[in-house]
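Along the sequence shown, the residues carry numbers beginning at 1.
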Amino acid sequence: MNWGYRILIVYLVFVAGIVFLVVKSSSQNQDLVTTDYYEQELKFQDKIDEVHRANALSSSIQYEIKKDELLIILPIEMKDKPVKADVMLYCTANENNDVKNSYNTNSGQIHFPLIANNKGLHELKIAWSANGISYYYEHKLMLP
């Protein structure tokens, strides 16, 4: 085989590799972070204020992953107060694995059910209000 055929084979393998990468990348799921990004961006300063209020509390939110639930323990200041909370488990890899629930509690604890096949890296996002004051907490966690 002479050098002309070898160059042709190298070019054909290169083109086939590029075509394979284009086809493979076009079939990947590309979920947006959120569909109403600009509306949420306008409210971002409110979120910063809520985070500062949550950080000013005596303790941070604690959580414990049990077999089929996530036990969320609010700061001690929230115990015996009526608390309205929105809890979201945001899956960074797949929008279909996001879970969001609303809760009303006086005990300072939230029992958040976990889906069996929802494993991997998630962001726990908790927005709650007590006595008319709103708070926000966000933390990355790995579900086994």
How would you list, by chain and number, every residue that makes a side chain to side chain donor-acceptor pair (under 3.5 Å) with His111, sequence neighbours excluded?
Glu69
Who passes side chain to side chain contact (heavy atoms under 4.5 Å, CB included) against Ile126, sequence neighbours left out?
Ile61, Ile72, Val87, Leu124, Trp128, Tyr137
Closest heavy-atom contact between Glu50 and Ser134?
OE2-OG, 3.2 Å
Could you pull out all residues at least two apart from Glu77 that satisfy side chain to side chain donor-acceptor pair (under 3.5 Å)?
Ser58
State, with a plain yes or no, whether a side-chain heavy atom of Leu114 is found less than 4.5 Å away from one of Asp68.
no
Are Tyr103 and Ile73 connected into the same hydrophobic cluster when the rule is that any two of I, L, V, M, F, W, Y join if their side-chain heavy atoms are below 4.5 Å apart?
no
Report the residues that fulfil side chain to side chain donor-acceptor pair (under 3.5 Å) with Gln45, sequence neighbours left out, ordered by chain and then residue number.
Asp49
Verify, without hydrogens or angle tests, whether Arg53 (side chain) and Ile133 (backbone) share a donor-acceptor contact under 3.5 angstrom.
no
With sequence neighbours left out, write down each residue that passes side chain to side chain contact (heavy atoms under 4.5 Å, CB included) with Asn106, or none if nothing qualifies.
Pro82
Is there any salt bridge (Lys or Arg N to Asp or Glu O under 4.0 Å) pair reaching into residues 1-21, and which pairs are they, with sequence neighbours excluded?
none
At what distance, to the nearest 0.5 angstrom, does OG1 of Thr105 lie from CE of Met78?
12.0 Å
Kindly state each residue pair satisfying ring-ring contact (aromatic ring centres under 6.0 Å, His included) with at least one member in residues 55-77, sequence neighbours excluded.
Tyr63-His139
Please report the C-alpha distance between Met88 and Val99 in whole Å, then the side-chain angles of each, then the deciding distance to 0.1 Å, and finally whether the side-chain contact (heavy atoms from CB on, under 4.5 Å) criterion is met.
CA-CA 6 Å; Met88 179 177 186; Val99 181; over 6 Å; no
Rest of the hydrophobic cluster containing Ile76 (Ile/Leu/Val/Met/Phe/Trp/Tyr, side-chain heavy atoms under 4.5 Å)?
none
Could you name each residue pair satisfying side-chain hydrogen bond (donor to acceptor under 3.5 Å, both in side chains) that touches residues 79-88, not counting sequence neighbours?
Asp86-Ser102
My understanding is that only residues two or more places apart in sequence, or in another chain, count here; which of them pass salt bridge (Lys or Arg N to Asp or Glu O under 4.0 Å) with Lys140?
Glu123
Sequence neighbours excluded, the answer for side chain to side chain contact (heavy atoms under 4.5 Å, CB included) partners of Leu12 is Leu8
Compare all side-chain heavy atoms of Tyr135 with those of Leu74 and state whether any distance is below 4.5 angstrom.
no
Taking all heavy atoms of Leu71 and all of Gln109, pick out the closest pair and write down the distance.
CD1-OE1, 4.0 Å
Non-neighbouring partners of Val51 that pass side chain to side chain contact (heavy atoms under 4.5 Å, CB included), sequence neighbours left out:
Asn55, Tyr136
Report the distance from atom NZ of Lys125 to atom NE2 of His122, rounding to the nearest 0.5 Å.
12.0 Å
Hey, what do you get for CG (Leu121) to CG (Leu141), rounding to the nearest 0.5 Å?
7.5 Å
